[in-house]
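To start, the structure under review is shown below, and the notes come after it.
It should be emphasised that the depicted structure is a prediction, and the values quoted were computed from it without experimental measurement.
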Amino acid sequence: LDAQDFDIRSQQTQIVRLHDLLDIELNTTAGKLNDTVTIVKEEMDNQVQKVNDNVSTQSFYMIYQFAGTFALLGSLISIWHMTAHLRNFNQPIVQRKILA
């Protein structure tokens with residue numbers, strides 16, 4: 001019985017050591033995984049911020065593009081109407097106020 005008790009106790013001791021070793025490795029791996037997730041999350045936040053900045057910059061330029069397009073269109077329409085009045089300059093007293 002003493003030999004069997006010794007074997008059982010030694011196996012129990014080995015099981016406890018293996019369990020402790022497994023806990024240590026598991027905690028280490030979980031810590032590394034958490035660190036990796038944190039790093040990836042920070043990089044993702046940085047990338048999202050860069051994309052948001054690019055989108056806001058592009059929309060800023062798009063606003064100027066629309067404004068310029070409509071200003072040019074309005075100017076062209078005004079010039080077209082003014083030339084139409086100049087071609088048919090039948091009533092100078094009235095039409096000169098339109099052209100002024």
With a 3.5 Å distance limit and no angle check, can you tell me whether Gln95 reaches the backbone of Leu86 through a side-chain donor-acceptor pair? no
Out of Asn52, Asn46, Val51, which residue meets the side-chain contact (heavy atoms from CB on, under 4.5 Å) rule with Val48? Asn52
Can you tell me how far apart [atom1] ([X]) and [atom2] ([Y]) are? Round to the nearest 0.5 Å.
| X | Y | atom1 | atom2 | answer |
| --- | --- | --- | --- | --- |
| Leu21 | His19 | CG | NE2 | 11.0 Å |
| Arg87 | His85 | CZ | NE2 | 11.0 Å |
| Leu72 | Ile77 | CG | CD1 | 10.0 Å |
| Gln65 | Ser59 | CD | OG | 12.0 Å |
| Arg17 | Gln12 | CZ | CD | 13.0 Å |
| Ser75 | Trp80 | OG | CH2 | 15.5 Å |

Apply side chain to side chain contact (heavy atoms under 4.5 Å, CB included) to residues Lys41 and Asp45 and explain how you reach the verdict. CA-CA 6 Å; Lys41 193 174 185 181; Asp45 289 341; 4.3 Å; yes
In this structure, are over 12 heavy atoms from other groups packed under 6.0 Å from Tyr64 atom OH? no
Would Gln49 and Asp53 satisfy side chain to side chain donor-acceptor pair (under 3.5 Å), going step by step from the backbone distance to the final call? CA-CA 6 Å; Gln49 185 62 38; Asp53 291 344; 3.1 Å; yes
